[in-house]
Amino acid sequence: MLLFNPISTSFTLKPTAHHHNHHRNLAVFSQIQPIPIPITTTNLSISDESLRTKGFNLHRTITNLNLDHLNSVFVAVGFPRRDTEKIQIALENTDSLLWIEYEKTKRPVAFARATGDGVFNAIIWDVVVDPNFQGIGLGKAVIERLVTELLRKGITNIALYSEPRVLGFYRPLGFVADPDGIRGMVYSRRKNKK
């Protein structure tokens, strides 16, 4: 399980934690008690303006998001191809989302979203960066902005589902795994082997 770590981020937070597992995915999450220090865009590793000058546009709604193109990014990073009608429904039931469009192609190249109860809890899902655009800070850009948005809403429990092989990406963003040995469970339809 990953928790927000105030030592490695610009955010000043007091963490407590819970944990969940989802099939092969590791639930990464934290309960965050905000300390009254304003979170500003100066805490971001790359500014919106810098993204624009590099040819990227940041979006916070599904307007102009081509779901077939988004699905292609999902597939390119190893997610199964999804029914675009179901993606549409999922996005309509998403509380916060961010996606980055490459200006030259008008295609999404980075994406993340969060669902939750809008008050206490949120889970970050579907964090993807097109492999052709990895390593230039776009994943970090969407996660920083999504976490900042959730904190501004006062949400104090943030979970993040991630493949174990990319946990190292989230640690510098302030998440830590399995604090205090806390583990969670998720429902699985597989029969227990006895």
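Taking hydrophobic clusters as Ile, Leu, Val, Met, Phe, Trp and Tyr residues chained together by side-chain heavy-atom distances below 4.5 Å, V77 shares a cluster with L70. I87 is not connected to W125 by any chain of hydrophobic side-chain contacts under 4.5 Å among Ile, Leu, Val, Met, Phe, Trp and Tyr, and they are in different clusters. V128 and I136 fall into different hydrophobic clusters, defined by Ile, Leu, Val, Met, Phe, Trp and Tyr side-chain heavy atoms under 4.5 Å apart, directly or through other members. Following chains of ILVMFWY side-chain contacts shorter than 4.5 Å, one can reach L98 starting from I100, so the two form part of one hydrophobic cluster. F120 and L150 end up in different hydrophobic clusters when Ile, Leu, Val, Met, Phe, Trp and Tyr side chains are linked at under 4.5 Å.
Using a 4.0 Å cut-off between charged nitrogen and carboxylate oxygen, K153 and E149 count as a salt-bridge pair.
Distance check: I62 CD1 to L91 CG gives 5.5 Å after rounding to the nearest 0.5 Å. Distance check: L173 CG to S45 OG gives 7.5 Å after rounding to the nearest 0.5 Å. With values rounded to the nearest 0.5 angstrom, I143 atom CD1 is found 10.5 Å from T148 atom OG1. In this structure, CD in E101 is found 12.0 Å from CG in L51, a value given to the nearest 0.5 Å.
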Evaluate the side chain to side chain contact (heavy atoms under 4.5 Å, CB included) criterion for residues L138 and D130: first the C-alpha distance (whole Å), next the side-chain angles of each, then the deciding distance (0.1 Å), finally the verdict. CA-CA 9 Å; L138 299 182; D130 184 313; over 6 Å; no
Is there a side chain to side chain contact (heavy atoms under 4.5 Å, CB included) between S162 and V127? Walk through the geometry before answering. CA-CA 8 Å; S162 170; V127 180; over 6 Å; no
Can I123 and N121 be said to form a side chain to side chain contact (heavy atoms under 4.5 Å, CB included), step by step? CA-CA 7 Å; I123 301 174; N121 306 292; over 6 Å; no
Test I155 against D117 for side chain to side chain contact (heavy atoms under 4.5 Å, CB included), laying out the working first. CA-CA 9 Å; I155 295 172; D117 59 23; 5.5 Å; no
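N93 places a side-chain N or O within 3.5 Å of a backbone atom of I89 that can act as its donor or acceptor partner. In terms of modelled atom types and a separation under 3.5 Å, the side chain of Q134 and the main chain of V129 share a donor-acceptor contact. Under the 3.5 Å distance criterion, the side-chain polar atoms of D95 are left unmatched by any main-chain donor or acceptor of G118.
When the ring pair (Phe, Tyr, Trp, His ring centres under 6.0 Å) test is applied to H59, the partners found at least two apart in sequence or on another chain are W99.
Closest approach of P108 to V73, counting heavy atoms only: O-CG2, 3.4 Å. R145 and I46 make their closest contact through NH2-O, 2.6 Å (heavy atoms, listed as atom of the first residue, atom of the second, distance). P80 approaches N71 most closely through the heavy-atom pair O-OD1, 4.5 Å. The two residues A112 and L146 come nearest to each other via the heavy atoms CB-CD2, 3.9 Å.
Using the six-membered ring where Trp is involved, F79 and F74 have ring planes that are parallel, under 30° apart on the 30 and 60° scheme.
Screening residues 76-90 for side-chain hydrogen bond (donor to acceptor under 3.5 Å, both in side chains) gives R82-D126, Q88-E92 as the qualifying pairs, with residues at least two apart or on separate chains.
Taking a 6.0 Å sphere around CG of N66, one finds it holds more than 12 heavy atoms contributed by other residues, nucleotides or ligands.
Using a 4.5 Å heavy-atom threshold, the side chains of L65 and F111 count as touching.
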